[in-house]
Amino acid sequence: MALSASTTLPHSVDRVAAVFVNEDFLRHTSELVGGSLESFTIDGDPAGAFSTTTVRTLPTTRLPDIARKFVGETLKVTQTEQWEAPAADGSRASNIALKISGAPLDVTAVQRLVADGGNTRIELEGNVSSSVPFLGGKIADAAEPMVGKALNIQSQQAQAWLESH
């Protein structure tokens, strides 16, 4: 199942990227959806190529009942991001992978922060898949809107965060 989203923020790529790897911001977005930030690490210098690992515990209250029976009341989600060094114009890209403990889902995405004058266009393209025989497509179809919404919360909340910090 394909993920695709785009939004523009009236801030520079540097500022948007800094928010996306700010532990306080990640804690805020986790708590906003009723979850918690378990851990966050950065490997490398964010001025160049680097990677992050974010571990969150998230509620399953928005999942269909049948899915909650399999995964329980919470999910542990590990999000890894491999950030490329900035391009000449400041644009950046990160390869995102989500692993959901106890759920047969694989999520991969590429997020691009594209310099557009003084603005940043955030483009997200990805895929949700499941390895479960016969039911994998249905599981991915059910999860895709929720995964897409979760990834988009970051972009939406970044605007408010940048205006208030």
Side-chain angles (χ1 to χ4, degrees), residues 1-38 40-42 44-64 75 77-100 103 105-130 140-165:
M1 198 69 213
L3 297 170
S4 181
S6 179
T7 190
T8 300
L9 299 181
H11 300 280
S12 69
V13 170
D14 285 349
R15 290 197 68 207
V16 173
V19 168
F20 285 176
V21 298
N22 177 297
E23 187 170 352
D24 291 333
F25 174 73
L26 295 170
R27 182 172 290 104
H28 164 75
T29 56
S30 298
E31 293 171 354
L32 182 73
V33 297
S36 62
L37 180 65
E38 301 296 322
F40 174 70
T41 57
I42 296 178
D45 182 352
F50 68 100
S51 62
T52 65
T53 302
T54 307
V55 180
R56 297 178 175 97
T57 300
L58 300 172
T60 59
T61 52
R62 293 190 176 115
L63 291 177
L75 293 172
V77 179
T78 301
Q79 180 172 333
T80 57
E81 298 183 9
Q82 303 293 325
W83 286 77
E84 297 174 1
D89 68 352
S91 295
R92 300 205 69 160
S94 65
N95 292 303
I96 300 170
L98 295 177
K99 295 293 179 196
I100 304 163
L105 289 173
D106 290 309
V107 181
T108 57
V110 174
Q111 178 174 257
R112 290 180 180 79
L113 306 181
V114 181
D116 187 9
N119 300 323
T120 300
R121 189 173 64 253
I122 303 166
E123 300 172 347
L124 180 72
E125 299 288 331
N127 191 50
V128 179
S129 61
S130 176
D141 287 349
E144 184 272 330
M146 287 166 242
V147 171
K149 189 178 290 187
L151 291 171
N152 282 324
I153 285 173
Q154 178 174 296
S155 299
Q156 296 164 355
Q157 289 298 309
Q159 174 67 25
W161 186 269
L162 283 165
E163 290 175 359
S164 65
H165 289 80

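Everything numeric here is computed off the predicted structure, so don't read it as measured data.
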Query raised in the report: So does Asp106 pair up with Lys99, basic N to acidic O under 4.0 Å?
Result: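 Answer for the salt bridge query: yes.
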If you round to the nearest 0.5 Å, how far is [atom2] of [Y] from [atom1] of [X]?
{"X": "Gln159", "Y": "Ser164", "atom1": "CD", "atom2": "OG", "answer": "10.0 Å"}
{"X": "Ser94", "Y": "Glu84", "atom1": "OG", "atom2": "CD", "answer": "8.5 Å"}
{"X": "Leu75", "Y": "Leu98", "atom1": "CG", "atom2": "CG", "answer": "11.0 Å"}
{"X": "Thr8", "Y": "Asp116", "atom1": "OG1", "atom2": "CG", "answer": "6.0 Å"}
{"X": "Ile122", "Y": "Leu124", "atom1": "CD1", "atom2": "CG", "answer": "9.5 Å"}

Quick check against the 3.5 Å criterion: does [X] have a side-chain atom that pairs as donor or acceptor with the backbone of [Y]?
{"X": "Thr53", "Y": "Thr80", "value": "no"}
{"X": "Ser91", "Y": "Ala87", "value": "no"}
{"X": "His165", "Y": "Trp161", "value": "yes"}
{"X": "Arg92", "Y": "Gly48", "value": "yes"}

At their closest point, which heavy atom of [X] faces which heavy atom of [Y], and how far apart are they?
{"X": "Ala47", "Y": "Pro86", "result": "O-CD, 3.4 Å"}
{"X": "Val13", "Y": "Val114", "result": "CG2-C, 4.0 Å"}
{"X": "Phe20", "Y": "Leu113", "result": "CE1-CD2, 3.8 Å"}

Evaluate the side-chain proximity of [Y] to [X]: yes if any heavy-atom separation is below 4.5 Å, no if none is.
{"X": "Thr52", "Y": "Thr41", "value": "no"}
{"X": "Leu26", "Y": "Arg56", "value": "yes"}
{"X": "Leu9", "Y": "Asn119", "value": "no"}
{"X": "Arg121", "Y": "Ser6", "value": "yes"}
{"X": "Phe40", "Y": "Arg27", "value": "no"}
{"X": "Trp83", "Y": "Val21", "value": "yes"}

Query - Verdict with reasoning, Thr57 to Glu38, per side-chain hydrogen bond (donor to acceptor under 3.5 Å, both in side chains) - result: CA-CA 7 Å; Thr57 300; Glu38 301 296 322; 3.0 Å; yes
**Report entry** Verdict with reasoning, Glu123 to Gln111, per side chain to side chain contact (heavy atoms under 4.5 Å, CB included)
**Finding:** CA-CA 6 Å; Glu123 300 172 347; Gln111 178 174 257; over 6 Å; no
Query raised in the report: Regarding Glu125 and Ser4, is there a side-chain donor-to-acceptor distance under 3.5 Å anywhere?
Result: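 Checked: Glu125/Ser4 side chains pair up, N/O donor to acceptor below 3.5 Å.
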Query - Residue pair Glu81 / Gln79, side-chain donor-acceptor N/O under 3.5 Å - result: yes
**Report entry** Derivation and outcome, side chain to side chain contact (heavy atoms under 4.5 Å, CB included), residues Arg15 and Leu162
**Finding:** CA-CA 8 Å; Arg15 290 197 68 207; Leu162 283 165; 3.6 Å; yes
Query raised in the report: Step by step, would you call Phe25 with Leu37 a side chain to side chain contact (heavy atoms under 4.5 Å, CB included)?
Result: CA-CA 10 Å; Phe25 174 73; Leu37 180 65; over 6 Å; no
